[in-house]
Amino acid sequence: MAHALRLAEHGLYTTQPNPRVGCVIAHGDEVVGTGFHRRAGEPHAEVFALREAGERARGATAYVTLEPCAHHGRTPPCADVLVAAGVGRVVIAAEDPFPQVNGHGIGKLRAAGIAVERGLMREAARELNCGFFSRIERGRPFVRVKLAMSLDGRTALASGESKWITGAAARADVQRWRARSSAILSGSGTVLADDPQLTVRLPDDKEFLLPLRVVLDRQLRTPAGSHVLDGSAPTLLLHGAAASCNDDRFARVERVALAMHGDLLDLRAVLALLAGRGCNEVHVEAGPTLCGALFAAGLVDELLLYVAPLLLGDSARPLLRLPPLGEMARCWQLRMVDQRMLGADWRLQLRPA
């Protein structure tokens with residue numbers, strides 16, 4: 001199963017909106033077929049593994065990181081393919097919560113007399129597809145906020161200058177997190193201050209799908225000539241219903257009006273809309289106001305915090321804008337998932353406790 005999970009990771013940048021899935025077919029310790037899902041619309045992991053195994057699949061055990069599908073989508077049901085191949089046993093890491101699969105894949109296999117076991121390395125399989133499980137089970141994407149700060153907790157000088165707080169290794173790492181995401185989300189304040197491209201820059205030999213660029217711009221302040229309006233990647237601009245535009249600045253992007261929640265767009269409505277478009281993981285690169293609002297609303301699932309060994313002083317800009325707390329017991333507590341050095345910088349991977 002660990003081998004199947006490593007295979008599934010090959011689809012980290014390419015399978016969305018589908019989950020990343022791997023499959024290993026074996027007789028005892030002898031592996032006779034392997035496969036992984038490459039991209040939506042193409043064969044699933046089980047099909048590639050069965051093709052490699054050929055006749056040796058008969059009577060073998062198939063180790064699959066996600067419950068085999070049981071419905072006709074863009075490809076035939078994998079449960080039927082496993083039955084036709086004559087496998088004797090299927091070991092599944094995690095059940096698939098998608099309504100057309102949930103339990104039905106396992107049911108088809110057992111109805112055909114195939115022994116089914118489930119739960120082996122379940123948490124690792126769910127972690128690999130945290131966004132897929134979040135979208136199906138919670139109705140919203142997995143939200144990952146990326147921030148970079150100095151040792152004294154500052155993100156930019158008072159003037160707004162922030163290039164570059166972190167070094168080249170940390171910036172390259174951010175590109176990999178962007179690449180695995182379905183969408184990169186930012187706010188109009190960041191667009192006005194930094195004019196970011198919000199695209200993925202990886203080595204030429206790395207295949208990836210272009211994430212959707214999402215800009216929250218309630219008053220349609222994004223100026224003409226901004227990188228996010230250049231048409232180089234699919235872009236969605238979300239604004240308040242009262243905002244209007246009489247020029248052609250937004251001719252190359254899609255615009256959608258959303259309800260307001262106080263002075264901000266309704267962030268839950270934003271995430272529900274993105275889930276409806278098949279977004280599994282949303283990577284947020286924004287300023288302290290939007291990031292703080294996501295934290296305050298309980299909508300942040302993970303924080304990627306890059307810490308650089310430098311000091312910017314108390315007049316520099318803060319990491320987050322959060323409501324004041326009356327007591328320590330109400331603080332936002334985080335737990336460490338991972339920490340590592342990237343060049344001279346630290347990357348802390350944190351999740352709400």
Side-chain angles (χ1 to χ4, degrees), residues 16-17 19 97 126-149 153 155 174 177-178 180-191 196 198 211-219 228 235-241 256-306 318-325 329-338 347-353:
Q16 54 201 306
R126 287 181 63 89
E127 178 64 29
L128 180 62
N129 287 299
C130 57
F132 173 77
F133 283 101
S134 177
R135 176 168 64 85
I136 301 301
E137 294 176 344
R138 301 191 297 175
R140 71 165 180 84
F142 184 93
V143 176
R144 181 179 292 115
V145 170
K146 170 261 172 182
L147 290 166
M149 73 174 193
T155 62
V174 171
W177 289 99
R178 284 185 178 186
R180 66 174 285 167
S181 303
S182 303
I184 302 172
L185 184 146
S186 193
S188 58
T190 298
V191 171
L198 301 182
L212 175 70
R213 296 189 295 199
V214 182
V215 178
L216 306 190
D217 185 0
R218 61 188 177 90
Q219 295 179 325
V228 294
T235 304
L236 175 63
L237 194 143
L238 303 177
H239 60 89
V256 173
L258 285 181
M260 300 291 293
H261 185 75
D263 293 333
L264 295 173
L265 290 173
D266 186 332
L267 296 176
R268 295 185 186 278
V270 169
L271 296 180
L273 183 150
L274 295 179
R277 294 180 176 225
C279 290
N280 292 334
E281 297 178 29
V282 171
H283 179 93
V284 180
E285 294 193 21
T289 300
L290 176 53
C291 291
L294 286 165
F295 265 99
L299 297 174
V300 176
D301 297 303
E302 186 166 86
L303 170 63
L304 288 179
L305 184 60
Y306 295 84
L319 184 71
L320 295 167
R321 298 194 187 281
L322 292 168
L325 298 177
R330 299 186 63 190
C331 68
W332 284 268
Q333 294 188 347
L334 304 173
R335 62 180 176 88
M336 188 75 68
V337 175
D338 182 65
R347 187 196 72 200
L348 308 181
Q349 190 175 354
L350 304 145
R351 290 184 179 175

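Not measured: the values here are computed from a predicted model.
Environment of CG in D338: crowded, with over 12 heavy atoms of neighbouring residues, nucleotides or ligands closer than 6.0 Å.
Heavy-atom minimum distance, P288 versus P318: CB-O, 3.7 Å. Across every non-hydrogen atom of L322 and G292, the tightest pair is CD2-O, 3.4 Å. Closest approach of C291 to A286, counting heavy atoms only: SG-O, 3.6 Å. Taking all atoms of both residues into account, the shortest heavy-atom contact from H239 to D217 is CB-O, 3.0 Å. Residues P323 and W332 share a closest heavy-atom pair of CD-CH2, 3.7 Å. V191 approaches P196 most closely through the heavy-atom pair CA-CD, 3.7 Å.
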Hey, mind stepping through V174 and L304 against side-chain contact (heavy atoms from CB on, under 4.5 Å) and telling me if it holds? CA-CA 9 Å; V174 171; L304 288 179; over 6 Å; no
Trace of the side-chain contact (heavy atoms from CB on, under 4.5 Å) decision for E302 with C130: CA-CA 11 Å; E302 186 166 86; C130 57; over 6 Å; no
The test is side-chain contact (heavy atoms from CB on, under 4.5 Å); show your working for V300 and V284 and say whether it passes. CA-CA 10 Å; V300 176; V284 180; over 6 Å; no
Given the rule in the side-chain contact (heavy atoms from CB on, under 4.5 Å) test, do L258 and D266 qualify, once you have shown the distances and angles that lead to the verdict? CA-CA 7 Å; L258 285 181; D266 186 332; 5.9 Å; no
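For R144 (side chain) and S181 (main-chain N/O), no donor-acceptor pair under 3.5 Å exists by modelled atom type.
Rounding to the nearest 0.5 Å gives a distance of 6.0 Å between CZ of F295 and CG of L334. Atom CG of residue L212 and atom SG of residue C279 lie 5.5 Å apart, to the nearest 0.5 angstrom. To the nearest 0.5 angstrom, R218 atom CZ is 14.0 Å from L238 atom CG. In this structure, CG on N280 lies 4.5 Å from OG on S182, to the nearest 0.5 angstrom. How far CZ of R213 is from OG1 of T235: 3.5 Å, rounded to the nearest 0.5 Å. Interatomic distance, CG of L216 versus CG of L265, reported as 5.5 Å (0.5 Å rounding).
Among L185, L273, V228, L237, the single residue meeting the side-chain contact (heavy atoms from CB on, under 4.5 Å) criterion with V214 is L185.
With sequence neighbours excluded, the residues satisfying side chain to side chain contact (heavy atoms under 4.5 Å, CB included) with E137 are P97, R126, F133. Under the salt bridge (charged side-chain N to carboxylate O under 4.0 Å, His left out) criterion, R180 pairs with E281, not counting sequence neighbours. In this structure P19 satisfies the side chain to side chain contact (heavy atoms under 4.5 Å, CB included) test together with V21, L66, N129, F132, sequence neighbours excluded. Shown here are the side chain to side chain contact (heavy atoms under 4.5 Å, CB included) partners of L264, two or more places apart in sequence or in another chain: A293. Contacts of R140 classified as side chain to side chain contact (heavy atoms under 4.5 Å, CB included), with partners at least two apart in sequence or in another chain: S134, R138, V143, L271, L299, D301.
Counting heavy atoms from C-beta on, the side chains of L290 and T190 never come closer than 4.5 Å. Under the 4.5 Å side-chain criterion, counting only non-hydrogen atoms from C-beta, P17 is in contact with R135. Contact annotation: the side chain of Q349 approaches that of R347 to within less than 4.5 Å [non-hydrogen atoms, C-beta and beyond].
Within the structure, the side chain to side chain donor-acceptor pair (under 3.5 Å) test picks out the following pairs touching residues 284-300 (sequence neighbours left out): R178-E285, H283-E285.
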